[in-house]
Amino acid sequence: MPSSGQGPRVLYWFRTDLRLHDSPALAKALSLSPSALFPIFNWDPNYIYGHRVGINRFRFLLESLQDLSNEIKKLNGDSQLLLTRGAPQTRIRELCEKWQITHVAFEEDHNAYARHRDAAVVESLKAANIEVISQEGRHLYPIKEVLKNTKGQPPTSMSQLQKAVASLGDVAQPAETPTSLPSPCPPGSDKADIKKLFDLISDLSSYKEEVGTPDVDLNAAELGGQRKSGPDGEVTSYDTVAAGEKSKYKEEKSPFAVPTLASLGMEEPEVKLAEPIRGGTTEALRRLKKLTEDPAYLSTFAKPQTSPSTDPDAPSTTLLSPYIKFGCLGIRHYWHTVKETKKKHKGAKTDVPEGMEGQLLFRDMYAVCEAAVGDAFHGVRGNKISHYMDWYLPTVYDKDGKQVEPRPRGDDVSEERLRTFKEGQTGFPWIDALMRQLRMTGWIHHLGRHSVAAYLTRAQCWISWERGAEIFHEFLIDTDDASNDGNWMWLSASAFFSQYFRVYGLTTFPAKYDKHGYIVRKYCPELKDFPDKYIYAPHTAPKEVQEKAKCIIGKDYPFPVLDEKEEKKHCLDRCKAAYDSKLFGNSKEVLEGKAEGMLRKKHGVPDPKNFNYKENAANKIRARTGRRRRLLFPTPSTP
DNA sequence: AACCAGTTGGTGCG
DNA sequence: CGCACCAACTGGTT
């Protein structure tokens with residue numbers, strides 16, 4: 001029990017809610033009138049080692065943490081965000097014991113890993129008689145209440161979601177923003193003392209004893225990571241990220257301080273954006289304020305009408321998704337700000353689903369679906385809403401149903417298509433520009449995501465949406481498990497959407513929005529001197545045009561890796577066969593591993609093992625020129 | 001043309 | 001008349 005006889009000693013655990021405003025969990029914690037408040041963010045080795053985190057997202061996270069710490073300091077000069085590290089299942093409880101915490105508070109996070117993590121943490125805290133305050137706050141509506149209204153069924157359309165939330169009333173008003181915060185006081189003291197808090201935990205066991213030696217080191221990036229090696233050549237991000245305890249390479253000023261990319265040995269990516277997407281709640285609110293100055297924009301916003309041929313320097317959308325992902329922007333605050341701003345507009349207004357509120361409701365829809373389907377939402381196997389399609393390069397399971405990692409290599413053709421997709425070297429400028437933009441900036445427009453997702457899955461490559469979701473998860477700043485996996489299911493016509501014959505043309509679709517090819521010229525600069533006529537299909541340009549543009553297709557830019565029309569035809573046949581089979585991720589045949597053979601036999605599409613990749617035109621040219629294209633924008637795959 | 005869920009409106013039956 | 005059934009139609013954020 002606490003030594004001081006005053007109010008509760010609260011540890012507030014920040015995770016994906018890096019803000020002080022519109023935070024129901026923080027408000028509830030503060031309503032207890034705590035005598036001490038310890039705002040922590042904990043580096044989870046699972047995040048550092050187990051997840052693929054692109055450098056743009058890692059940078060965004062560091063900036064968001066620094067900004068949050070500054071905001072805390074503004075309310076209490078003796079406080080700051082306290083960064084700790086360790087497996088949360090044991091570390092949170094250890095901190096509680098050392099700091100004599102009575103209550104732990106956090107905002108609920110519904111994604112699969114977070115659910116399991118939090119369940120374990122709560123159990124360890126309950127066993128130690130520590131009270132847990134957890135509140136929903138990441139979504140417009142309480143997910144559990146929505147789920148009750150659907151009787152546990154996933155709402156797979158906007159109308160179903162709207163039906164399910166109809167009885168829940170209006171979106172709650174944002175929780176009040178605190179105007180002061182209690183100090184983090186060491187046990188037995190009524191004064192903040194960061195150094196003393198540090199001393200109390202600096203002898204805690206090392207992460208290696210807690211989680212074992214990680215077998216994945218993200219710094220050994222396969223994609224040309226720019227990691228500087230440490231003094232002994234063995235430094236990992238986890239060592240350098242260390243805060244709140246002794247670290248070999250610690251350079252931070254204060255024991256719990258937020259590290260910088262440089263202190264982690266990571267170099268800034270080669271981003272040429274005029275205005276990079278900077279993390280932090282301050283930046284989120286600044287961007288939101290700018291939006292409120294343009295009621296017409298928010299009022300007439302129609303997602304399908306916004307151009308995908310845009311980047312963070314010239315966005316056609318709000319660019320707020322990264323801030324929502326990390327909780328820098330409170331979702332109810334955003335919702336009501338949009339509502340209020342729209343009142344100022346006199347003319348016609350867009351509504352759900354294409355209007356601004358609709359965009360946010362889709363996020364809730366995916367979250368409810370994820371909660372209804374459970375862990376299986378993140379793949380095909382066992383997923384009751386995902387059609388079974390006999391994709392190439394699917395996630396592989398052993399006979400006990402355990403995922404085989406790393407994924408065994410698939411057929412050469414599909415692996416090559418996946419590689420060129422990830423690197424932005426497919427020979428289709430629209431796809432390549434988007435994929436390079438993704439890696440350079442951590443963001444692409446929603447319709448651009450549609451284009452690349454359909455290309456990789458149901459329209460051309462017939463590669464599992466699971467592979468695409470992994471790539472997005474690695475490089476997007478705004479990645480959110482429920483929305484990311486949900487949208488990949490949507491675009492691959494696995495769930496939510498079934499009109500698989502609606503296929504985006506790789507040249508016609510972008511040309512509808514942008515004849516000049518803004519993002520192609522920016523992200524594939526080798527193509528920048530092509531005339532508009534050929535910008536989305538440079539391989540069709542006559543030799544003289546290629547020479548004049550100083551870009552020979554097959555030499556300076558790849559020839560398309562596949563035939564768009566031919567593959568589309570195959571894919572439509574495969575879609576039809578898959579739908580006719582009525583197999584879903586949770587069908588017996590799928591769980592028993594028999595589904596693939598069944599479908600291959602049925603639709604008669606050649607097994608990729610029999611594809612003769614050498615006949616591919618791009619490869620012919622590659623064989624002739626005798627060299628592989630070098631990556632133009634290698635983005636390090638460091639955390 | 002090709003999908004699918006939900007709604008509508010008609011028919012037949014008790 | 002009420003009800004079950006079914007065919008036709010509609011809408012689906014892009």
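Every value quoted in this text rests on a predicted model; they were computed, and no experiment measured them. Hydrogens, waters and symmetry mates play no part in the numbers below; they use all other heavy atoms, side chains included. A note on names: the letters A, B, ... follow the listed sequences, proteins ahead of strands, and every chain is numbered from 1.
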**Message:** In this structure, is the centre-to-centre distance between the rings of A:Tyr323 and A:Phe60 below 6.0 Å?
**Reply:**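 Judged by ring-centre distance (under 6.0 Å), A:Phe60 and A:Tyr323 do meet the cut-off.
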With the side chain of [X] defined as its heavy atoms from C-beta on, choose the nearest nucleotide among [options].
X	options	value
A:Tyr579	C:dT13, B:dC3, B:dA2	B:dC3
A:Trp490	C:dG12, C:dT14, B:dA2	C:dT14
A:Leu447	C:dT13, B:dA2, C:dT14	C:dT14
A:Gln160	B:dT7, C:dT13, B:dA5	B:dA5

Does any non-hydrogen side-chain atom of [Y] lie less than 4.5 Å from one of [X]?
X	Y	answer
A:Tyr500	A:Cys571	no
A:Met389	A:Trp462	yes
A:Met356	A:Phe301	yes
A:Arg417	A:Thr426	no

**Prompt:** Would you say B:dA1 has OP1 or OP2 under 4.0 Å from some side-chain N or O of A:Lys569?
**Reply:**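 Checking B:dA1 against A:Lys569, no side-chain N or O comes under 4.0 Å of OP1 or OP2.
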Measure from [atom1] on [X] to [atom2] on [N] and round the result to the nearest Å.
X	N	atom1	atom2	result
A:Arg363	C:dT13	CZ	P	19 Å
A:Asp580	B:dC3	CG	P	7 Å
A:Arg458	B:dA2	CZ	P	17 Å
A:Leu491	C:dG12	CG	C1'	14 Å
A:His450	C:dT13	NE2	C1'	8 Å
A:Lys576	B:dA2	NZ	C1'	7 Å
A:Leu161	C:dG11	CG	C1'	17 Å
A:Tyr500	C:dG12	OH	P	21 Å

Flag the pair [X] and [Y] as a salt bridge only when some basic side-chain nitrogen lies within less than 4.0 angstrom of an acidic carboxylate oxygen.
X	Y	result
A:Glu596	A:Arg574	no
A:Asp313	A:Lys522	yes
A:Glu423	A:Arg419	yes

**DNA chain C contacts made by residues 337-356 of chain A, counting heavy atoms under 4.0 Å** = A:Pro353, A:Glu354
**Request:** If the plane angle is over 60° it's perpendicular, under 30° parallel, otherwise tilted; pick one for A:Phe496 and A:Tyr366.
**Result:** perpendicular
**Polar pair under 3.5 Å, donor/acceptor by atom type, side chain A:Ser498, base B:dC4** = no
**Prompt:** Any stems for DNA chain C, made of 3 or more Watson-Crick or G-U pairs in a row, each with both distances under 3.5 Å?
**Reply:**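 DNA chain C forms these stems: B:3-14 with C:1-12.
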Using a heavy-atom cut-off of under 4.0 Å over every strand shown, decide if [X] touches base, sugar-phosphate, or nothing.
X	result
A:Phe362	base
A:Lys163	sugar-phosphate
A:Gln359	base

**Item:** Taking every non-hydrogen atom, the tightest pair across A:Ile553 and A:Pro558
**Value:**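 That would be CG2-O, 3.8 Å.
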